[in-house]
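Input: a single structure, listed below in structure tokens.
As a basis for the values below, the full set of heavy atoms in this structure was taken, side chains included, without hydrogen atoms, waters or symmetry mates. Numbers restart at 1 for each chain; the letters A, B, ... are given by sequence-line order, proteins then strands.
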Amino acid sequence: MEANEHKSLNFIEQIIEEHNRTGRFGGRVHTRFPPEPNGYLHIGHAKSICLNFGLAQKYNGKCNLRYDDTNPSTEEIEYVEAIRNDVRWLGFQWDGEFYASDYFDQLYEWAEQLIRQGKAYVDDQSAEEIAATRGTPTVPGKESPYRNRSVEENLDLFRRMKAGEFEEGSRVLRAKIDMASPNMHMRDPVLYRIKKEPHHRTGTKWCIYPMYDFAHGLCDSIEGITHSICTLEFEVHRPLYDWLIEQLGIYHPQQIEFARLNLSYTVMSKRKLLELVEGGYVKGWDDPRLPTLSGLRRRGYTPAAIRHFADKIGVAKRDNLIDVSLLEFCIREDLNKNAPRTMAVLHPIKVVITNYPEGQTEMVSALINPEKPELGTRLVPFGREVYIERDDFMENPPKGYFRLTPGGEVRLKYAYIIQCQEVIKDETGKVTQLNCIYFPESKSGADTSGKRVKGTIHWVAVQEAAYAEVRLYDRLFTIADLSDIPEGKDWKDFINPHSLEVINNAIIEKSLLQAKPGDTWQFERLGYFCTDPDTSHEKPVFNRTVTLKDTWAKMQ
RNA sequence: UGACCGAUGGUGUAACUGGCAACACGUUUGAUUUUGGUUCAAAAGAGUCCUGGUUCGAGUCCAGGUCGGUCAGCCA
């Protein structure tokens, strides 16, 4: 596919190829995916994962998985395992699996080195005082009264911080840069803080922990990362990233920033996702309505579709809002080719074929997947009574409707053409049964009836029907752009109250009772569905991944 | 009256680095079809944020503006 097809380079590939030309990294490409283990991965992370691992593959390089675990108060082992599974599920294998905490000793040494160089100092101010003296983007900050302590005093204090002599919040280590810098991140940023909390990997060894800005670039340096790819909000951190590495005189990777993914009708921030989960708006991190990888997986999205999506959206620096219809296109494309077909009826009406012999059944032959005829056929039981979709019958059809109508004819897919002769209703006027006749010579594959019908509908034979729970999902929000909330409104005001519809007694073919969690299907004419982990032999449960395109529904 | 970044059809990304603005999604139309699916064919839709400059020629270079985003955690 990518063999001799010349695809233009994205801006990161252009930078890499420029580096390769000039020999800055000796032709090496080594990236890393650096999640913080404090939440689940979402499709925005998938963009970053595909980018980082994809670059490594493309340039014959390497990509590490590195947990950015510098804050023990929010991070948990549960998340590192979930992240590992998600990355693997997406289809990537990292070269090295590392943790920022692996490097705490080295990081500490470098902090002492900075102190010895007179480039860092221990500040006794409180967090509030530091905030108050940092200034604003337009007003310079004020230097700390502790800024000019001697190297010896700083070293002593920092070592005692490490030894646990001081309370949390009483002291921090700060870089000594420039309190008047127009870049807020250069105004003596905090490098280390005291946290008397056990860490999921280092236990109680440490009671001081490095800040992101201090740790990240230095970890990149240790691992020999060439291109440290991160999102746009870190752009203003880059001068600090570079400053630390230069002061220390160590190997210098290149940080490159790209625009994070935004998807229409959903939220992507960890904070909001967490709020949806904890507020009970959804049923967990793997709720199929969420853009988390675990949610998408449960919804029936495949790794290949997500990778293809990541490829199609491209990489650039401008803010973007990708239309979900592109994601839906990617999963339909995959499932159309790969999902076996079956028939299910979500909202049934019973059809009785009055001229079909009572007690008779027969097996009709159906394609497993018309996109892959080599997969062959399956046998579907047919009989005198079948269920059809309520939508596939209309008593007073509009122009252009070509399904079943009183006196009208349709084909029951893979079986016979039927004609509706009688409509039976209950006392409320609801249609409860259709009496039809069939044309024996119209059987699929052996049709000598000469009849032509416009419509073909799906069905399930009554005597072979089983029941299932089917969960229909819709977009989680009612507005496309969640970054643009009207004045006085909260983003949660736009949660779609109809994002989940549960059908308790959908009709399926009995053969589907064998379905295993994760199996994907196309329910003919309805959409793609995936067996949910909640499924059981007694009560199969299916999630609708996405509907089929429906040009008729669009016309209505 | 800060610093940094960005601006190309409805959406996203391109434009071989100064040479007829292309591709994908979406939309519309037609053909095929035993899924109103798929497939195939076609169309509409931007003259590249604005103003000026350089040039035979500017989306691309220069100057000035406008609009949008990010940054004031001992979060990442």
Side-chain angles (χ1 to χ4, degrees), chain A residues 6-10 14 34-36 38-39 68-71 73-75 123 125-127 130-132 134-141 168-174 181-187 189-195 208-209 211-213 215-216 230-239 257 259 264 270 312-323 325-330 332-333 336-337 341 343 366-367 370-371 400-403 410-415 417 444-445 447 453-458 480 483 522-527 547-555:
Chain A
H6 179 75
K7 208 182 157 198
S8 56
L9 303 177
N10 67 47
Q14 288 178 22
E36 183 189 12
N38 71 344
D68 227 328
D69 57 347
T70 56
N71 186 355
S73 14
T74 58
E75 295 153 6
D123 195 343
Q125 292 184 108
S126 66
I130 289 177
R134 191 169 356 246
T136 71
T138 52
V139 178
E168 275 187 33
S170 62
R171 286 184 167 83
V172 291
L173 183 73
R174 286 230 257 173
S181 171
N183 181 340
M184 300 291 290
H185 297 277
M186 299 299 271
R187 323 243 263 226
V190 173
L191 266 23
Y192 266 90
R193 77 288 217 190
I194 299 169
K195 265 184 191 288
I208 56 172
Y209 291 91
M211 299 288 292
Y212 165 87
D213 281 312
H216 200 91
C230 60
T231 45
L232 248 29
E233 66 268 27
F234 293 103
E235 206 152 24
V236 284
H237 295 237
R238 178 150 37 90
E257 310 84 13
S264 63
K270 268 187 194 173
K312 287 186 87 89
I313 58 177
V315 188
K317 295 192 72 159
R318 76 182 92 156
D319 291 324
N320 59 79
L321 181 63
I322 309 280
D323 198 319
S325 65
L326 182 61
L327 217 211
E328 293 176 345
F329 167 81
C330 290
R332 282 194 188 107
E333 185 180 53
N336 176 49
K337 271 193 210 80
R341 314 281 122 127
M343 292 194 284
L367 248 22
E371 302 295 315
Y401 183 83
F402 45 80
R403 278 110 96 159
V410 278
R411 174 173 293 281
L412 295 176
K413 187 158 180 157
Y414 303 124
I417 293 175
S444 276
D447 187 344
V453 291
K454 290 282 287 260
T456 299
I457 63 176
H458 61 278
S483 72
Q522 184 194 108
F523 289 179
E524 297 220 37
R525 301 210 307 131
L526 295 176
T547 61
L548 254 33
K549 277 217 272 189
D550 188 347
T551 51
W552 169 251
K554 202 162 15 183
M555 286 162 64

| said: What's A:Arg134 touching, base or sugar-phosphate or nothing? Going by heavy atoms closer than 4.0 Å. | reply: sugar-phosphate

| message | Parallel, tilted or perpendicular: which one describes the rings of A:His237 and A:His185, with boundaries at 30° and 60°? | response | tilted

| field | Nearest-Å distance for atom pair CZ/P, residues A:Phe329 and B:rG37 | value | 15 Å

| field | Centroid under 5.5 Å and tilt under 30°, A:Trp552 to B:rG36 | value | yes

| said: Let's see if you can work this out: which of B:rA76, B:rU34, B:rC25 has an atom nearest to the side-chain heavy atoms of A:Arg411? | reply: B:rU34

| Is B:rG26 syn or is it anti, if syn means the base angle is within 90 degrees of 0? | anti

| task | Report the glycosidic orientation of B:rU29: syn if within 90° of 0, anti in every other case. | result | anti

| Base, sugar-phosphate alone, or nothing: which one does A:Met211 contact when heavy atoms must sit under 4.0 Å apart? | sugar-phosphate

| query | Quick one: does A:Arg318 reach the base of B:rU8 with a side-chain donor-acceptor pair under 3.5 Å? | reply | yes

| query | Do the side chain of A:Arg332 and the main chain of A:Thr547 share a donor and acceptor less than 3.5 angstrom apart? | reply | yes

| request: Rounded to the nearest angstrom, tell me the gap between atom CD in A:Glu371 and atom P in B:rU39. | output: 7 Å

| task | Check every strand shown and say whether A:Arg341 touches a base, only sugar-phosphate, or nothing at a heavy-atom separation below 4.0 Å. | result | base

| task | Verify, without hydrogens or angle tests, whether A:Arg341 (side chain) and A:Glu524 (backbone) share a donor-acceptor contact under 3.5 angstrom. | result | no

| message | Under 4.0 Å, heavy atoms only, any strand: does A:Val453 hit a base, just the sugar-phosphate, or nothing? | response | nothing

| said: Strictly distance-based, threshold 3.5 Å: is any side-chain N or O of A:Gln14 a donor or acceptor partner for the main-chain N or O of A:Leu9? | reply: yes

| request: Name the nucleic acid region contacted by A:Ser325, choosing base, sugar-phosphate or nothing; use a 4.0 angstrom heavy-atom cut-off, strictly under. | output: sugar-phosphate

| message | Categorize A:Glu333 for me: base, sugar-phosphate, or nothing, with a 4.0 angstrom heavy-atom threshold over every strand shown. | response | nothing

| query | Who does B:rC71 pair with, Watson-Crick or G-U, both distances under 3.5 Å? | reply | B:rG2

| On a whole-Å scale, what distance lies between the P atoms belonging to B:rG73 and B:rA15? | 39 Å

| request: Go through B:rG36, B:rA14, B:rC74 for me and flag the one nearest to the A:Ala127 side chain. | output: B:rC74

| B:rG30: syn or anti, per glycosidic angle within 90° of 0 | anti

| Within the distance-only criterion (no hydrogens, no angle test), does the side chain of A:Asn183 pair as donor or acceptor with the backbone N or O of A:Val236 below 3.5 angstrom? | yes

| query | Is any side-chain N or O of A:Gln522 under 3.5 Å from a base N or O of B:rU35, one able to act as donor and the other as acceptor? | reply | yes

| query | Taking CG from A:Asn183 and P from B:rC71, how many angstroms apart are they, rounded to a whole number? | reply | 12 Å

| message | Please give the distance between the C1' atoms of B:rU60 and B:rA7 as a whole number of Å. | response | 14 Å

| request: When you get a sec, tell me which of B:rC75, B:rU38, B:rC4 is the closest nucleotide to the side chain of A:Arg193? | output: B:rC75

| request: Take atom C1' in B:rU33 and the same atom in B:rC40, then report the distance between them in whole Å. | output: 11 Å

| Taking any strand in view, what nucleotide pairs with B:rU13 in a Watson-Crick or G-U wobble way, both distances under 3.5 Å? | B:rA22

| task | Looking at every strand, decide which applies to A:Tyr192 at a 4.0 Å heavy-atom threshold: base, sugar-phosphate, or nothing. | result | nothing

| request: Give a yes or no answer on whether the side chain of A:Thr231 reaches the backbone of A:Glu233 with a donor-acceptor pair at less than 3.5 Å. | output: no

| said: Taking the P atom in each of B:rA44 and B:rG30, what is the distance between them to the nearest angstrom? | reply: 16 Å

| field | B:rC23 to B:rC62 separation - C1' atoms, rounded to the nearest Å | value | 31 Å

| remark: Side-chain contact check for A:Arg525: nearest option of B:rG36, B:rU34, B:rU11 is B:rG36

| B:rU28 and B:rA22, which share atom name P, separated by this distance in whole Å | 23 Å

| request: Could you work out the separation of B:rU51 and B:rA58 based on their C1' atoms and round it to a whole Å? | output: 15 Å

| message | Determine whether a donor-acceptor pair (one donor, one acceptor, N or O, separation below 3.5 Å) exists between the side chain of A:Glu235 and the base of B:rG6. | response | no

| query | Which part of the nucleic acid, if any, lies within reach of A:Gly455 when heavy atoms closer than 4.0 Å are counted: base, sugar-phosphate only, or nothing? | reply | nothing

| query | Base, sugar-phosphate, or nothing: which does A:Val172 touch, judged by heavy atoms less than 4.0 Å apart? | reply | base

| request: Could you check whether A:Leu326 gets within reach of a base, just the sugar-phosphate, or nothing at all, counting any heavy atom under 4.0 Å? | output: sugar-phosphate

| Nearest listed nucleotide, side chain of A:Phe402, among B:rG26, B:rG2, B:rG36 | B:rG36

| query | Contact class for A:Leu321 vs. all strands (heavy atom < 4.0 Å): base, sugar-phosphate, or nothing? | reply | sugar-phosphate

| task | Mind checking A:Arg332 for me? I need base, sugar-phosphate or nothing, with any heavy atom below 4.0 Å counting as a touch. | result | nothing

| query | Across the strands shown, which category fits A:Thr74 at heavy-atom distances under 4.0 angstrom: base, sugar-phosphate, nothing? | reply | nothing

| said: Using the side-chain heavy atoms of A:Lys554, tell me which of these nucleotides is nearest: B:rG2, B:rG37, B:rU27. | reply: B:rU27

| query | Counting any heavy atom closer than 4.0 Å, what does A:Pro370 reach on the DNA or RNA strands: base, sugar-phosphate only, or nothing? | reply | base

| task | For B:rG26 and B:rA63, measure between their P atoms and round to the nearest Å. | result | 42 Å

| remark: Looking only at B:rA24, B:rU35, B:rG36, the nucleotide nearest the A:Lys312 side chain is B:rA24

| message | So A:His216 and A:Thr70, do their side chains get closer than 4.5 Å, heavy atoms only? | response | no

| task | Would you confirm whether A:Arg171, through its side chain, and A:Ile194, through its main-chain N or O, come within 3.5 Å as a donor-acceptor pair? | result | no

